[in-house]
Every structure is written in structure tokens, then in C-alpha cells.
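Data first, discussion second: the structure below is written as C-alpha cells.
Basis for what follows: all heavy atoms, side chains included, without hydrogens, waters or symmetry-related copies.
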Amino acid sequence: MLSKFSMDDGRNFVLSPGLVHGFLGSLYIGFLLLLFVTWLSRNLRNKRNGSLKHNLRSKNGHLFYRQILFCCVALVVLNVFMCFLNFFYWYRNGRTDESINAFKDTFVGTFVWLVVSVYVHTHVSDTESMYSSVLRIWWVSFFSISCFSLVLDYVDYTQNQYFVAQFVVFDALSALFGLLLCYLGLSGKSDSNEGETINHSYQKLETVGLSITPSTTRSVFSLLTFSWIQPLIAKGYKKPLDLEDIPEIDSGDSASGACSILRSKLESYKKENSGITTYGLVKAVIWTTWKDILITALLSLVLTLASYVGPFLIDTFIEYLNGHRDSKQGLLLVSAFSVANIVACLAQQHRDFRLVQVGIRAKAALVATIYFKSLKLSAQSKQGQSNGEIVNFMAVDAERIGNFSRLMHNTWLIVVQVPLGLAILYTNLGLSSLTAFVAIIIVVFANIPLGSLQGKFQRELMKYKDKRMKATSEILNNMRILKLHGWEMKFLLRIENIRNEESHWLYKFVFTMTMSAFVFWIAPTFVAIATFVTCILLGFPLDLGKVLSALATFKILQESVYMLPETVSMVAQTKVSFDRIASFLRLDELDSDSVEMVPRGSSNNAVEIIDGNFSWDVTSSTPTLSNIHLRVVHGMRVAVCGVVGSGKSSLLSCILGELPKLSGHIKLSGTKAYVGQSPWIQSGTIEENILFCKEMDIKRYNKVLEACDLKKDLEVLSFGDQTVIGERGINLSGGQKQRIQIARALYQDADIYLFDDPFSAVDAHTGSHIFRECMLGFLESKTVIYVTHQVEFLPDADLILVLKDGRIAQAGTYDNILNSGIDIIELVSAHKEALLEIDYAGKKVISDTMDVIENQGSEGTMKKQLKEETKSSQNGKKRQLVEVEERGKGKIGFSVYWKYLTTAYGGALVPLILLVHTMFEILQILSNYWMAWASPELEGNEARAGDSKIIMVYVAFGIGCSFSILARLMLLMKAAYETANQLFYNMHFCIFRAPMSFFDANPSGRVLNRASADQSAVDLTIPYNIGPFSFMVIQLLGVIVVMSFGAWSVFLVFFPVFGICIWLQEYYQPSARELARLVGVCSTPMIQHFSETISGSKTIRSFDQQQRFKDTCLKLIDNGSRPKLHVSALSNWLGLRVDMLSSFTFISTLIFLVYAPEGTIDPSTAGLAVTYGLFLNKLQGSVIKKYGNMETIFISVERIFQYSSIPSEPPLVIDSKRPDHFWPSHGRVDIHDLQVRYGQHMPLVLRGITCSFHGGTKTGIVGRTGSGKSTLIQTLFRIVEPASGDILIDGINISSIGLHDLRSRLSIIPQDPTMFNGTVRSNMDPLEEYTDDQIWEALDKCHIGDEVRKKEGQLASTVTENGENWSMGQQQLVCLGRVLLKKSKILVLDEATASVDTATDNMIQKTLRQHFSESTVITIAHRITSVISSDMVLVLSDGLIEEYDSPMKLLEGKSSSFSKLVAEYNMRSNSSHTSTNNDD
């Protein structure tokens, strides 16, 4: 066959079409043999298995059976027709070798496609997921050969004028049907969820009053033109879309399916490589999406081949315009251009859509895998990974890997595109094309160091982004504490300092990206100059056709090479993201075998620990718990006590399997439930938190509410148990959160209950009620292990464990251990000492205890009135405190664009950027026009200018273009960088200055989403989309101007077509805009769920609820994928139509040029018009799409602006109302008719309080949980502004001065002890106002100095996020140290000793009395001993003052509320007190 090749000047070779068709006939025979072998082996296998033959006709939708069969039958008909046509030509013109081969080809083709049709109809089972590999390989081969034959047919026609017209039509139709077979055959798959997927079966959509099922539009036309998305667009045009309007995604794109594949591959690679490597992770992701990767690779190849048809044919078209015109030849050229354009449009849109599917699937798989990993992280691994960092893995790294799918084929397509371009150049310019190749290689290699730098800068950028997100997450979780202390601006400065470091690397990164883009923008000019200079030096003649063909080729190479900077940048970024995720997936997990689960009933022991040694840090030489021996029989009640830091919580953790085991054995028999010391509450309703996904048993549910004393709280709440709880229970008191957590555990009906000091956050009455009703009543038959600091709860335990320094110092019953050691005696003695303070009052009250308890049931007039007020307030419009995330509606306003553009330098750089790009476009058009005008129209004609002049002018234009591009890129980079920083600082300042009501109503996930994903979009995405959009508009105007010079009639078509495009865009935009907003809105629940899961992972694992949370995660991921996938489909719907309309404009121009009378047009101008017109459809489509996409991506800016306009708190400082430095000098607090509510739509919490706290006095505030105690303190600090009334401190109305002046003069030890990531010193003195000696003095005063000295680094020792490496009691002592440093005149204690034992509480009270003897101390406490020694006691009940007097006077009245509280406390302590006295 090779001898049949004909050569032309050593540059062109043409293979005879007849031989090609004959060769195809031989392939037909080979394929028939393979198909026969496949059929035979299949029949034999079926006979062995005894399986029945299936018929696909009943369920043929999944494999596109009808469409496939239609294509095969159509090819049979086409081949039959060609058979007769060849036979007719054979009869008229005689037999030749070519005609015989062609006849054989079509005859065999008829037979082959008939066999394939029968095979598809009868032998494809409806249980198969795809067609056999033989069929799929054949369809791909047939399509490739048909395309090759089509090109050779045209070449043969231009040279031989052989009877090839029928072959052109035949091969064109064959290629079209081949493309359809490839697309449908490789896309088909079975799906059991019929009616619920987007590709093969869709949910029904209600639109225009009709019920439409997109699955009914499975026709080839619908799939090719994206018409299946039309119902969604129509619905979105009528009304704003919601998530419920969007069809479910295909099961193959779901997080569940993708994650299972990824994890199975990772497990296999993990075994092979002893760990997860970056390379293994990349391979696993590829395997997750391999099928679509192959399909998109094929479509990319088709697109590349189609895009080179224009440059290949343009020389021929110029010759046609200059020579004798044959209308048939002209129409054939127009047809070739048209077919290439249409194929390119279809290939591009379907490739882009499938690439988005690849990205969504990859991201979903990665996010789910990261989530699953976070549920299994060991304690030591978790210390090194903050909430914010893990959110970054999901929101940034997984997103970036998903986005890389758009560019992944560019990494290898350049290897195809450059040789094709060089081949066309070689055809036209001969050996001079080698210069172009060398120039391209130089450009590519010049970018390698830039790509390396980008990777380095990207890693540093992500490191500081992680650090920023970690700090931001911690600050948002503790914003209330920061505002109470007046530290928010100091911590804002911390965030800004981290951002400054991040910005340093961001600038370096975008600068290298700019330089890389500059190299590739000037590459086409550089390559063109080098090539044309070489042509002139070698004496190779340049004519108009060759120059224009070369310019068109350079233009395509520019498009190809232009994507390299972004591709290189994305490769570098994606590599960093893969590295980061792989390193996270390599972290140590909890040892699932550390606890042996024994079947219930097989052992008498519910919990058994034998010779156990445990440590939070496995590398430490000192274990956290050592020599632990414990046996707990079923039904036993075990109490665990000890001083702060003795290891009580660690003991529960080791039973749960959370504490790493060094040695020993742990056995558990039965299910378990856990109540942590720090309440973990999910966002959702109170009912959902209690049920914890168990089915509602109303009888048990009501019993649980009664046992946890929650019914009265639910009566006060506007929505009862349907009240939505804010993030971390932000709108509940500490006691309410703790009781809801206890209720959750009780409702689970577990065998083993573990309680970590559940009574610390509730008042004495409620604590006694919970212990009596829950521990002694509801859980009477259960195994209960409870940690407590209240000695009064010890006597009822069957076994008491006293821990000291990580060891069980004593164990036994209450009476036994009192006689066997001194450890518990220390605790009991401390308790006795506290009781001595109320001894007299206690005796008096105990004598009347029965009377008091009997009177508790009677409800006074005040409470009746309160209930009536509450009921009336609920009759109005009710709103939840936590509301749905704000979401813009309708078009993004012009003000958003204007504010963004004018953020940096007042927008001064914007017109400069547009000006320099306009100069670039003008210079580029002039340079191309110069080459077209100066070159001879035909080879042999005289040029209009000398060679040297042509090159010199062209080089001058090229230099001008280079400077314009450099200026444009640098100005764009500067504007983008400054804008991103300004938006960051503005948004964060507004967030930090927002009132606490903002943080109550908005979970931290919403803020983190803006600080992470939206800020990343502003940093790196938005400016490099809005810039290219404006550049493309200028470029489009240039193309139209050039085309109008060659064919003025283009305006007759362009303006109507452009008008239709704008109408389509306006029709499409409402749906796309709302879907894009839903993408942002749907990502927030995922981030919030992520954050909640990480913080509550211990509770989740203790209830064995991991699978439920995984399922929720997968559902949330799919909810985020749905709008993202459909907004892409919408974009492709629009893009295809715009491309087709643009192709119509270009085809109209070609027809005008073909039929224009000779001599009426200038060939150089016409040729330049065609050259530019080749890219019109892509350019016009890109402008329309980018216009729509720009609004879509600008939603990130809109969301940032939403948080940049949050209503602010009152001023931090009011210069005209600043108090003097000594204020407050007395510490007197006067409260006048104070009314407070948490929001305009919320009921009053404080209902008119009037009282005074005299300077230097100690006032205790008591009351039942939810009575308003903490609200009063928050109002004192102006965390909540009064609805009416005043608070005066030393005669100054606190509402008249700045917040910083107020809060900095007050001190508070909050209810929830808080420590921040950093060091001991930074936690003691965040504002850096004190010396080390002063800090040591404060630490010693609060009796934690010795503990700090033991730590490595001492004051510089590390504190992890949320102080997780410190016990709750130790954290509370650090908070005490802070106020000792500050020494304020007014000190507030909000349940300050809730997390410490009685001995430590007594020590803290003595320290406070000693160092704050002259200060006004306001104490909220649940322990009566903490307030009994106060000068005054304020009793609150349901937001009103019930009593306010000295403790002695209040105790004189036996029916007073305070007397009842003291009586309850004494009754609760009676047994332990009596036992101790007997022991004495």
C-alpha cells in the first residue's frame, strides 16, 4: 500500500480514497471475526450458567438502545445506497481498481452494519452496564477512519477531480453517525433509580402549568442540544428557583458512588505502599472518573481536529477567490467550513459539560473521604488539625481539584495541537516551520521556572490560608468571650497580620502567574516573527494564502499555548492540594480495637479494665492514666471524683476508646451513651437534638422531658421543642444546653451511661432534681458512671473512684473509703467547710424543709401573670432566632459591580487597563493587515513592499503588542490584588464589629464560607474572569470591524444574530443566577455540618452514630452538587445555541464572498475577514457565556458585600464621652426599669428590673436555669442592648460611653472557660500589657503556677485550639488568673466555679475575697456556698426580681425562694454531711 502514496514537493501526501475504503473493508472483516468470537464465547458461557436470554426492548432506555439501533440501521441504508451508486458509476465509466475497492467496501459495510444491528437488537442484555468492548472499540475506530477519509476525499477532489463527491457526502454522514455511536455507546449505563437522574432519567418538573418529565426527551437531538434542561430554564424564567426545583443528580455523580470507588482504590494502594501517597491519591481519583475522562479526551481530540480545518482550507479559499470561480467548489468549501464549525461546537459543549461532571464527582469523593477521615482521627492527630484547616481541605483543596478537570486535557492536547499546527505550517512554509517549532519549545521551556515558582508560592499561600482559617474558626466560636473582655479588635489585628503574610505570598503567586501569562501572550507574535524571518532568509516565497493560513494557525496555537499558563498554574495548585489532602489522609486514626465489645449477657461486667495504661501523647514518658484496674457490674452506679486535673474525664475517654491505649485490656458489654462536660448541641430543633434520629416514642419522650426538668423551659420558648437551636446552642443558657444533652442520652435507652460532671452547669434545685429523677429513677436499672465535683452526690453511688495524678487512689463505697484514706477526706472536708458558712441558716431551713417543699407546687400571682404575658407575646408573629441564610434575589445590582471596580484606587486603573488592551488589539489587527496587504496575492506576483520592510514593520507592531500586553497584565494584577485585600479588610472589620445577635443568628459556617471560598474567588478567580470578559468584548468588536471590511453584509446578519444571543442570554440568566446562588447557599450547610461533626466527634462515636452522620454528609454534598451540575448544563445549553448562531454569521459571510462578483472585493481584505471569522463563533460564544458566568461568579462578591454592610455595634470609643482613667472608682451599679430582649421578634427576657449594687459589696445572683441571670450580665457589658431602661456605673450611663471604655474597665470570669490556640502567656495577657513576673504572680495566686512550671516551655508552653490539652478546671483557673492581672473595680463571676471541685471552689473564693476585697463582685452561681457569704443576694425568676436582700434576711422567711434553694442544697448534702459527722 505504501507504494500507492503520491508525494507533492516533499510536503504533501495523499492516500487514494479508494485504497482507504478498501482498507476499511479489510477492517470490517476483522471486526466480524472478533464479533463472532464474542458471540460464541458468550453463548457457551450462558449455556454453562443456564442463564436465559434477555431482551432489551422492555428496558432499553439506559443503554440508549433506540438511538444506537437507529444509527446502525441508518448506516446499513447508507451503505446500500452507496453500493448502488458505485455500481451505477462502475456501469457508466468502466471498472477501475479504485471503483472495485470502493464497491467492495460499501458491500461489506452493508453486511457488517446489518450484523451489528441484529446483534444489538437480540444479544444485548438489559442487565449490562455498558456495551461490549468489541462494539465500543469498533465504533471509535470507525469514527476515526471516517474522519480521516473525509479529509483525504477533499484533498483528492482538489487535486484529481475524481468522482469523490459521493465519498465526501458518504464519509461526512459516516463520521456523524460514528460520533453519535461513540457518544451514546460510551455514555450508556444502567441505573436502577429510573426517573431520578439527569442523564438518563429525570425528576418531573412543573413548568408553565404542565407536568413535564425530561426523561421523555431522551432523543438524540435532545441530548445533543441540551434540550433536556429546557423545562428547568422555563421554570427559572417564571420564578426564582429553589433546591426542590432541581432534579436529583445521576447515581454515578453522587457522593456515595464516587466515594466508595475512591476509598476502595485508596485502601488497595494503601496496602501496596504502606500508606496513602500523593501519587496513589491521584490514581484513585482518576479511577473514580476514568470513563468520563476517556470520553472527554475523545471529544477534545475531535474538537482539536475540527478547529484545524479552517487554517488548513484557508489557502485553498484564497486561491478560489483569486482564480476562476466554480460555484460548486465554493459551496463545497463553505460546507467544509460549516461542518467543521458545527462539529467543533458540539464537541466543545459536550466536552465541557462532562468535564464539569468529572470535577463534581472528584470533589464529592474527596470531600466525603475527608469527612469520613475526620470522624476517625485520633486525639493526637486532631490536635494538629484545627476546624478551620479541615474546612479548608474541603472548601478550597477539594474544590480546586474539582476545578482542575476543566484543564486536565490541556496537559496532553498541546502535544497534538502543536504538531498539527506545524504540519499545516510545513504544508505552506516548508522547512521554515521548523523555526516555529523551535520558537514554541523556547516559549514552553521559558515557563518551566515560572511554573516551579508558582508551585512553591502556592504551598506557602495555602499554609498561611490554613493558619488564617484556623484562627478565624477559633475566634468565631469564642466571639462572645472576646467582646466581654474587649479583645475583638486585638484578635482582628491577629487575623490581619496573618492575612498580611498570606498577601505577601499571594502577590508573589499572582506576579509569577502574570509573567507566565505574558510569556505566552507574546508567544504567537514571537513565533510568527521568527517564522516569517526564516522564510525570507531562506528565500521561501510568501503569498497571501500562505500568510493568512500561517496567521490562522498561529492564532489557534495562541489559543492552545495561551491556556498553558493557567494549566501550569492549576497543575501546581492541584499538586499542592493533592499533597495536603494525602498528608491529612495519612494521619493516625483511633484504634478501633482498643475496646473489646462483648455481647450483652455473656458477661456480668458492663465495663472491665485490666492493667490499663493510657496517654493522650503516646510519645510522652508520663502516661495520663496508669495502672487502671476496674470492674463495673451491670446495673452498678459508679461515681468518679478527684481534684482538678486528676484524670476524671480521661477515665471516661479511655472507656469510650478515645484515649490512646499503651497497654492493658478494655471490655464493654452493651450499648453506651455519653454526656460531656462541655455540652455539644447540634444546629436544629430541640426535638431533633433529643431524639438524635431515633423514632418518636411520645410516652418515653415526655418522661425524658420531665426527668430533665425541661417542660417549663419549653413552655416559655415561643416554638416549644420546635425552637431552632443556634450553633453550639448559642440561644440557650448553659443549664438548658446541659439538660438537653442529658435528655438526648436518656432517650437513647443505652446499657451504659457515662456522665462527665453533668451537674456543673445547672442550679442546685435543678441539679438535685436531675440526680434524683435521672440517676436514681430513670436509670435505676442501667450501668451509670458519673464524674462529679459535688460531694453530696457520692453517697448514692455503689462504687466511688477517687483519682489522683492519673491513678485510682481509692475505690469502694462511700463509708469504706472515708475510713481507708485521706484523698476523699480532703474533698469532703472542703465540702464541710463550705457548709459551715450556711450551717446556722441550714439548720433553720432544714427544720422547715417539708413546709418549703410542699409550698413549691403553688404558683404565685406573678408567675401566672408571666405566663399570660408569654402567651400573648407568642400570639404575634413568631420568628426563630436562627434564620435562613440571606440569599440575594434577581439580578446582581449594578452597584455591586461598581463597588468592586472602584474598590482599588477609586477605579482609576480600570480605564487604563481597557485602554492598553484596546491598543494591543489595534496593533495586532494592524500587524496582521500589514502582512496580508504587503504579501503578493498569488505565488509569483510581486509584493507591495520589500522583504526587509515587511519584517521591520511587523516586528515594530509585535514590540508594541508586547508592551501593551505587559502593561495590561501588570495593571490588572495590581488592581486585583488591592481589591482583594480591601474587600478582605472591610468584611472582617464589619464582622468583628457586628453585634452578638449577628453571631447568634448566623452559624460560623456561613462566615467561614465567605472567609474561605468566597475570599479565594476574589483573590484568584473573579479578577481573572472579569478582565478577560472585557478583553473579549474589545476583541469581538475588532473581529466584526475586520470582517465588515471584507464583507460589509456581515452587519446584516451580525446584529440580528447578536440580538438573538442577548435574548437567549436574558432567558437563561434568571435560572443560572439563582442556581449559582444556590451553589453558595448549599455549601454553607456542608461546612457547618463539617464543623459540628469535628467538635462533636467524641459524642457521635459514643452513640455509634457515625453512619448516620456519614449519610447526612453525603446528602449535603449531593445537594451542593445538584445546582452546580445544572448551572453547567445551562451554560452549555446557552453556549451551544450561541455558537451555532455565530457559525451562521460566519457561514453567511463565506456565502457572500463566494457569490460576490469577481473584482468587487479585495482578496487580502476578504482573506483576513475569513481568517478572523474562523474564531467568531468561539469568541462570540465566549463573550455571551462569560457575561452570564461573570454574574454567576460575582455572587461571591455580593456575598462578601453582604457581610461588609452588617449593622455595627455602638462605637468603641466616643471621644466626647470618655470616662476618666480612674472610672469606676467606687463600683456602684444602678439598674432602672431594665427590659431586655434578644431580638425585635423575640419575647422579653428581662421584664423590668430595678436594683442597685453598692460599691465594694459582694452580690450573689441566683435563680432557676433560664431565669435571666446571664442575660443581666450580658446587658451590663452591653453584649445585648436594653430594650428600655438604664444601667449606671458610678453615675455614668453605660449606654452613653464607648464599648471599649466600658468593657475594658470591667472584668469577668465567664460560664464557659475559654483558652485560645497559642501559649500560656498569650492566653493570660492577649493585649501584651503585663510583664512575665506579673503573670507568674497571677498564676500563683490562682494556684495553677506549679502546673505551668511543670510544662515544657512554661509560659511559652503550647495551648491547642480551644484549650483541648487543658482540663476544664485548669482552663477556669487560667480565666481567674486573667482577672487577677487586670484588677478591675467591678468583677463578674458567671458560674465561674462550675467546672472545679469543691476544694478548688473554696480556694478560688478565698483568693477573690483576698484580692478583690474593695471591688464590687457580682456572682452568678449554682452552688449556694458561692453566694451565701455575699453581702446581698438577688433572686431572679422568669426575668423579674423575686427577692433582693441580704442572705440572712432572705433565710428568715421560710417561704422565700432563696430559702427553698438553700433547703434543697442542704437536703442534697444531708446524707454526705451526716456520714461525715458520724465518721468524725
> Any cation-pi pair here, Lys899 with Phe1201, using under 6.0 Å and within 45°?
Replying inline: yes
> Is it true that the NZ or CZ of Arg499 lies under 6.0 Å from the centre of Phe984's six-membered ring and within 45 degrees of the ring axis?
Replying inline: yes
> If we ignore angles and hydrogens, is there a donor and acceptor under 3.5 Å between the side chains of Ser1016 and Lys465?
Replying inline: yes
> Are a donor atom and an acceptor atom from the side chains of Asn981 and Ser503 found within less than 3.5 Å of each other?
Replying inline: yes
Quick one: side-chain contact (heavy atoms from CB on, under 4.5 Å) partners of [X], sequence neighbours excluded?
{"X": "Phe511", "answer": "Met515, Met970, Met973"}
{"X": "Ser1208", "answer": "Arg993"}
{"X": "Pro1211", "answer": "Ile1214"}
{"X": "Glu1281", "answer": "Pro1210, Arg1278, Ser1295, Leu1299"}

Residues 482-493, side-chain donor-acceptor partners within the protein, below 3.5 Å, at least two apart:
| from | atom 1 | to | atom 2 | distance (Å) |
| --- | --- | --- | --- | --- |
| Lys483 | NZ | Phe992 | O | 2.9 |
| Lys483 | NZ | Ala994 | O | 3.0 |
| Lys483 | NZ | Glu1209 | OE1 | 3.0 |

> Between Phe1194 and Tyr897, how do the two ring planes meet: parallel, tilted or perpendicular, split at 30° and 60°?
Replying inline: tilted
>> Using 30° and 60° as the class boundaries, would you call the ring planes of Tyr977 and Tyr507 parallel, tilted or perpendicular?
In response: perpendicular
>> Determine whether a donor-acceptor pair (N or O, by modelled atom type, separation under 3.5 Å) exists between the side chain of Trp1223 and the backbone of Ile1289.
In response: yes
> Are Tyr371 and His1089 near enough that their ring centres are under 6.0 Å apart?
Replying inline: yes
>> I'd like to check the side-chain hydrogen bond (donor to acceptor under 3.5 Å, both in side chains) partners of Asn500; sequence neighbours left out, ordered by chain and number.
In response: Tyr985
